[in-house]
**Student:** 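I'd like to ask some things about the structure below.
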Amino acid sequence: MVPYRSILFVPGHKPAWIDKALAAGADCIVLDLEDSVPADLKAGARQTVAESIRTVRSRDTRVGLFVRVNPLDTRLTGGDLEAVVVQGLTGVFAPKISTATDVLRYDALLDHFEERNGVRGLEYIVPVEMIGAIQAAREIALASPRVGAMIGPTAEHADIARAVGYRWTPEGEETLYLRSRILLGCREAGIHPLTGLWERLDDLAGLKAFAEKGRQLGFRGMIAIHPSHVAVVNEAFSPTAEEIEFHEGLVGAYEQAAAAGSGAVRYRGVHIDKAHADTAREWLAHARATPGARPAPGDALGIDAPEGGH
């Protein structure tokens, strides 16, 4: 999966809002058919979302386009997928997954509609919203090659807060264990670890601190619910020119030392060896793939934006 920094939700029945999401610079947009769409509008929203995917993709080949379908137990999932699995879709935001078996149930539906509609390569973003999903995070992450990302839960008022019963704080210590389980599952499976959610729309300073703490823990992107949050999130999860220059220099210093027959060397006051160089190479590979990345001055690696997200 493309390592999206920002994943922004848009109600599926309000296509005019998509332009605001694109203008905000979101790396990925999730067109919602679940909670933000009233029950009596869901059937019509399916066709609106399908048309929105075609329209957006005709003028933007890079942005990720996912659809949050209704959960399996609503019996609406099949109808949702039948309508929205169209050319230009990147993947499915798959809600209310609790076990690896739930992932396979999604697989069975998606296999059918991909084949029927001539679409290939769809991925899942899996939100961890249920107690069972926290307990089974590792198995869910490894359940299917379609699982491209999972989300470590932090919401103040949403499903996970009700399920666990924690008392939310801006610092997020009450969800550190929950997020850490999801993060480790993502890292083992080699998928994209996401964090979220910051619900306080006008508190951009709080959002910035929360996003930066998520990056410090090891998350690589974040769910956003308002266009005004996108720039803050993108900045928090973007490699800086200084970071790129540091890691590039580290690799170069190690390679120069290794060529001279030394397995360790001092670099900017730090002892480095092969493990440090391997870590720096992995970091740089992520930086190359991050949407919106630009070369640092004098960057011989030429870090460019990826070609596409689907």
Side-chain angles (χ1 to χ4, degrees), residues 4-14 17 20-21 24 26 28-42 45 66-74 76 93-98 102 125-137 140 149-183 186 193-217 219 221-233 236-237:
Y4 303 116
R5 299 164 299 173
S6 53
I7 295 91
L8 180 62
F9 272 76
V10 174
H13 64 307
K14 296 185 177 181
W17 290 20
K20 296 179 181 179
C28 178
I29 296 171
V30 177
L31 302 170
D32 189 25
L33 290 175
E34 192 198 10
D35 289 346
S36 68
V37 181
D40 61 330
L41 300 180
K42 286 184 184 292
F66 282 71
V67 175
R68 180 165 73 169
V69 295
N70 288 283
L72 293 165
D73 63 4
T74 67
L76 297 173
F93 192 103
K96 304 299 190 292
I97 284 177
S98 290
D102 290 337
I125 296 174
V126 177
V128 178
E129 305 168 282
M130 315 296 286
I131 298 295
I134 297 170
Q135 302 285 22
I140 290 169
M150 287 201 310
I151 305 168
T154 63
E156 184 174 0
H157 298 108
D159 293 322
I160 191 68
R162 182 179 67 254
V164 176
Y166 57 70
R167 183 175 182 181
W168 183 89
T169 65
E171 295 75 23
E173 291 184 5
E174 67 284 348
T175 59
L176 178 59
Y177 172 71
L178 311 181
R179 288 180 284 158
S180 296
R181 287 189 63 126
I182 280 68
L183 178 61
C186 288
L194 296 167
T195 189
L197 186 68
W198 188 259
E199 297 180 8
R200 300 186 173 191
L201 298 181
D202 298 325
D203 184 4
L204 298 185
L207 168 65
K208 177 179 171 62
F210 176 81
E212 290 178 347
K213 179 59 70 70
R215 180 66 188 91
Q216 181 182 4
L217 289 172
F219 290 98
M222 183 173 166
I223 303 299
I225 57 174
H226 193 273
S228 66
H229 289 189
V230 170
V232 177
V233 170
F237 291 98

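Along the sequence shown, residues are numbered consecutively beginning with 1.
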**Student:** Working note: I223 + F93, criterion side chain to side chain contact (heavy atoms under 4.5 Å, CB included); need CA distance, chi angles, decisive distance, verdict.
**Tutor:** CA-CA 12 Å; I223 303 299; F93 192 103; 4.3 Å; yes
**Student:** Extract all donor-acceptor atom pairs below 3.5 Å that involve side chains of residues 195-211 and protein atoms in other chains or at least two apart in sequence.
**Tutor:**
| unit_1 | atom_1 | unit_2 | atom_2 | d |
| --- | --- | --- | --- | --- |
| W198 | NE1 | R200 | O | 3.3 |
| W198 | NE1 | D203 | O | 3.2 |
| E199 | OE1 | H157 | ND1 | 2.8 |
| E199 | OE2 | E156 | N | 3.2 |
| E199 | OE2 | H157 | N | 3.1 |
| R200 | NE | E156 | OE1 | 3.3 |
| R200 | NH2 | E156 | OE2 | 3.0 |
| D203 | OD1 | G206 | N | 2.8 |
| K208 | NZ | E212 | OE2 | 2.8 |

**Student:** By side chain to side chain donor-acceptor pair (under 3.5 Å), which residues pair with S228, not counting sequence neighbours?
**Tutor:**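 Side chain to side chain donor-acceptor pair (under 3.5 Å) list for S228, sorted by chain: H226.
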**Student:** Between atom OH of Y4 and atom CZ of F66, what is the distance when rounded to the nearest 0.5 Å?
**Tutor:**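 Reported value, rounded in 0.5 Å steps: 5.0 Å.
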**Student:** Starting at CG of L72, measure out to OG of S98 and round the result to the nearest 0.5 Å.
**Tutor:**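 If I round to the nearest 0.5 Å, the distance is 10.0 Å.
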**Student:** So among H13, K14, R68, which one has a side chain to side chain contact (heavy atoms under 4.5 Å, CB included) with D32?
**Tutor:**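 It is R68, the one option of H13, K14, R68 that forms the side chain to side chain contact (heavy atoms under 4.5 Å, CB included) with D32.
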**Student:** Residues two or more places apart in sequence or in another chain: which of them pass side chain to side chain contact (heavy atoms under 4.5 Å, CB included) with K96?
**Tutor:**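 Partners of K96 under the side chain to side chain contact (heavy atoms under 4.5 Å, CB included) test: E34, P71, E129, M130, D159.
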**Student:** Is any side-chain heavy atom of V30 closer than 4.5 Å to a side-chain heavy atom of L8?
**Tutor:**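 V30 vs L8: side chains apart.
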**Student:** Return the set of residues passing side chain to side chain donor-acceptor pair (under 3.5 Å) with T175 (not counting sequence neighbours), or none when no residue passes.
**Tutor:**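 Once residues adjacent in sequence are excluded, the partners of T175 under the side chain to side chain donor-acceptor pair (under 3.5 Å) criterion are R179.
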**Student:** What is the distance from atom CG of L178 to atom OG1 of T154, rounded to the nearest 0.5 Å?
**Tutor:**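 Interatomic distance, L178 CG to T154 OG1, rounded to 0.5 Å: 9.5 Å.
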**Student:** Among all residues two or more places apart in sequence or in another chain, which pass the side chain to side chain contact (heavy atoms under 4.5 Å, CB included) test with A149?
**Tutor:**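 A149: side chain to side chain contact (heavy atoms under 4.5 Å, CB included) contacts with M1, I125, H192, L194.
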**Student:** Identify, with sequence neighbours excluded, every residue that meets side chain to side chain donor-acceptor pair (under 3.5 Å) alongside R181.
**Tutor:**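 Partners of R181 by the side chain to side chain donor-acceptor pair (under 3.5 Å) criterion, ordered by chain and then number, come out as Y177.
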**Student:** Does K42 have any side chain to side chain donor-acceptor pair (under 3.5 Å) partners at least two apart in sequence or in another chain, and if so, which?
**Tutor:**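 Only N70 meet the side chain to side chain donor-acceptor pair (under 3.5 Å) criterion with K42.
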**Student:** Using the ring pair (Phe, Tyr, Trp, His ring centres under 6.0 Å) criterion, which residues pair with F219? Sequence neighbours excluded.
**Tutor:**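 Ring pair (Phe, Tyr, Trp, His ring centres under 6.0 Å) check on F219 returns nothing, list empty.
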